[in-house]
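In what follows, every chain begins at residue 1, and chains take the letters A, B, ... in the order their sequences are listed.
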There are 2 protein chains.
Amino acid sequence: MMITELKAFVLLAETGSVQAVAERLPLTQPAVTRQLQRLESLLDVSLLDRRAKPARLTSAGQAVLREARKVLAAVDELKRAASTNAQPQGTLRLGVVHALADAQLADGLEALGARYPGLGLQLASGWTNELLPRIDQGELDAAVVFMAGTAGGVPHAPGRLLATEEIVFLAARKTALGRHPTLLELNQIGWVLTPDGLCGSRSALRAAVESAGAPLHIAAEVHDVGLQLSLAERGLGVALLPRQRAMALRRPQLRRIAPPGLRLAMQVSLVQAPHLGALQQAVDWLAQRLAGQDRQP
Amino acid sequence: MMITELKAFVLLAETGSVQAVAERLPLTQPAVTRQLQRLESLLDVSLLDRRAKPARLTSAGQAVLREARKVLAAVDELKRAASTNAQPQGTLRLGVVHALADAQLADGLEALGARYPGLGLQLASGWTNELLPRIDQGELDAAVVFMAGTAGGVPHAPGRLLATEEIVFLAARKTALGRHPTLLELNQIGWVLTPDGLCGSRSALRAAVESAGAPLHIAAEVHDVGLQLSLAERGLGVALLPRQRAMALRRPQLRRIAPPGLRLAMQVSLVQAPHLGALQQAVDWLAQRLAGQDRQP
DNA sequence: GTACGTTACGGCGTACGTAAGAATA
DNA sequence: TATTCTTACGTACGCCGTAACGTAC
């Protein structure tokens with residue numbers, strides 16, 4: 001109630017004629033008359049001075065006209081804010097898996113802030129299996145996660161696939177290994193893994209090792225990637241790292257190893273809550289950027 | 001359409017429960033649910049994340065919530081402006097008869113401006129018979145006018161009676177007149193009248209003189225009251241003036257005369273257009289002040 | 001007289017309440 | 001299981017269009 005009446009009233013003030021209002025709504029004259037009457041009865045004020053035939057606005061009508069324009073402007077503003085094309089406002093709550101929370105991501109987020117100045121950003125890093133429930137809980141709007149597995153069959157991650165990346169094995173050059181070490185040889189050295197490595201790489205690795213006839217030998221479980229690499233450099237284990245990240249390293253004491261029979265890969269994907277509204281385009285923009293750079297150095 | 005839905009939505013955001021909204025509107029739960037659905041469909045946005053049972057607002061919902069509050073605030077503002085109790089805004093277009101457009105009125109108008117700071121004032125002076133049509137034409141909101149006639153029967157003026165005032169006769173002391181001159185004696189000197197004296201005093205005077213057996217002898221017709229008095233002082237005619245105004249004069253050369261058989265009077269009244277809305281209280285205030293002072297010096 | 005706006009009447013759409021169903025906590 | 005929200009159905013209210021009327025220019 002009331003907004004349509006206000007529109008009619010403002011139009012009347014602008015055109016000066018009920019007829020003209022009726023044509024532009026479009027409606028019949030009686031309908032417009034009744035809308036105006038309805039508005040007067042809702043507000044309990046005489047808005048029109050009907051002593052003359054092209055009725056004039058009363059002084060109360062003048063005052064109401066000003067306020068009516070404000071109301072309609074506010075309604076337009078609301079519709080604009082509701083439309084998916086609107087400039088995103090508010091805060092985008094973004095989750096990122098630990099392993100990708102690096103400088104490259106920071107660049108992307110900075111660019112996001114530049115692209116959408118009105119948008120606040122709230123970042124949360126966590127493991128894939130932590131982030132996904134938080135999206136379901138409505139705590140996050142979107143998250144960059146990954147799933148890992150054998151190169152042939154990575155468990156398909158939910159959301160949009162941003163990139164597929166190989167996971168490489170890194171071992172110390174000084175370690176006594178042949179040119180093409182087998183998986184079991186590497187397993188004897190032991191693996192340096194991330195603790196809650198529930199993104200799939202650990203299980204794929206375990207499956208491969210066990211099918212080769214040995215139990216998975218975990219040499220170390222640490223969060224910090226720098227520590228993982230240091231351990232590997234010291235020959236205390238074999239570390240796993242996404243290919244791009246490994247190539248960006250300046251760790252000459254490490255060598256990359258490709259054991260026969262096992263190629264691990266991971267899929268980076270962007271998961272989002274449904275119904276993001278205007279935030280959707282920001283998420284889309286981020287997805288495109290992250291996919292576009294394809295995490296190439 | 002839409003405002004009731006926005007109310008429901010804002011209430012939902014505040015209470016967090018459809019149930020609570022339903023109780024406070026008051027409505028049944030299904031009705032509230034449908035209002036929310038309707039709003040979503042009107043805006044073509046998902047406002048609620050229904051994955052959880054006490055449904056949460058989506059990010060789009062957050063944005064819409066902000067704008068919805070603005071809309072409702074604007075609507076409240078409109079209702080306030082429409083209410084008769086609202087602070088008068090805009091311009092009060094006031095007409096005043098020439099004869100009352102004096103310093104005393106200026107005081108009243110100044111006080112009006114002080115009482116209603118938001119109110120603009122547009123003053124028009126004119127004759128009663130000019131002002132009344134302008135009210136009908138919607139050019140004026142109110143006017144202070146008067147009607148004159150014999151003391152017994154002043155033609156009743158439209159609008160509110162503010163004051164009844166006697167009209168006195170002023171003649172030069174030096175004029176050869178008895179202690180109680182008759183109407184015909186005064187008529188022989190002649191009358192100093194205002195030209196468009198259509199407010200009644202002239203016709204009452206003419207009727208009285210002619211019934212006494214002589215034609216109305218007009219010595220001068222001038223607008224300016226000062227000139228009228230100067231002419232009277234010089235013995236060139238008899239001037240007519242409201243009693244209060246005459247008593248405020250410092251014209252020792254003039255004497256006040258009360259001819260037997262004719263007492264003229266005038267009624268000051270305030271006429272207004274219908275449907276003034278919030279301006280009404282300003283008019284009421286002015287009427288009360290003008291009547292309250294009763295034009296006593 | 002003509003144009004413009006207002007009432008009168010019939011039809012349709014829409015919003016509500018009641019009651020049953022789905023889904024979450 | 002209990003609470004909360006959503007869907008289904010019938011009813012009533014409200015708004016519009018057509019037509020007749022009243023009124024200012």
Can you see if the side chain of [X] gets near the phosphate of [N] - specifically, an N or O under 4.0 Å from OP1 or OP2?
X: B:Q37; N: D:dT7; answer: yes
X: B:T33; N: D:dC5; answer: no
X: A:R51; N: D:dA24; answer: no
X: A:T28; N: D:dC16; answer: no

Out of [options], whichever nucleotide has its closest atom nearest the side chain of [X]:
X: B:R34; options: C:dG17, C:dT7, D:dT6; answer: C:dG17
X: B:S17; options: D:dT6, C:dG5, D:dC5; answer: D:dC5
X: A:P30; options: D:dA19, D:dC16, C:dT18; answer: D:dA19
X: B:R38; options: D:dC15, C:dT7, C:dA15; answer: C:dA15

Check the distance between [N]'s [atom2] and [X]'s [atom1] and give it to me in whole angstrom.
X: B:E5; N: C:dT14; atom1: CD; atom2: P; value: 13 Å
X: B:L48; N: D:dT6; atom1: CG; atom2: C1'; value: 12 Å
X: B:L39; N: C:dT14; atom1: CG; atom2: P; value: 17 Å
X: A:R50; N: D:dC21; atom1: CZ; atom2: P; value: 22 Å
X: A:E23; N: C:dC4; atom1: CD; atom2: P; value: 10 Å
X: A:L27; N: D:dG14; atom1: CG; atom2: C1'; value: 14 Å
X: A:I3; N: D:dC15; atom1: CD1; atom2: P; value: 15 Å
X: B:M2; N: C:dT14; atom1: CE; atom2: C1'; value: 18 Å

Report the residue (B:L12 or B:Q137) whose heavy-atom-nearest nucleotide on DNA chain D is the more 5′ of the two.
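Residue closer to the 5' terminus by nearest nucleotide: B:L12.
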Residue closer to the 5' end of DNA chain D, A:Q35 versus B:L36 (nearest nucleotide)
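It is B:L36, whose closest nucleotide lies nearer the 5' terminus.
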Value rounded to 0.5 Å, distance of [atom1] in [X] from [atom2] in [Y]:
X: B:L72; Y: B:I3; atom1: CG; atom2: CD1; answer: 7.0 Å
X: A:T128; Y: A:Q267; atom1: OG1; atom2: CD; answer: 11.5 Å
X: B:M266; Y: B:T164; atom1: CE; atom2: OG1; answer: 9.0 Å

So B:A52, base contact, sugar-phosphate only, or nothing? Heavy-atom distance under 4.0 Å.
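B:A52: backbone/sugar contact only, no base atoms under 4.0 Å.
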Whether the A:H275 and B:T58 side chains hold a donor-acceptor pair (N or O, under 3.5 Å, no angle test) is what I'd like checked.
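Checked: A:H275/B:T58 side chains show no N/O donor-acceptor pair below 3.5 Å.
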Parallel, tilted or perpendicular: which fits the ring planes of B:H223 and B:W127, with parallel below 30° and perpendicular above 60°?
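Rings of B:H223 and B:W127: parallel, under 30°.
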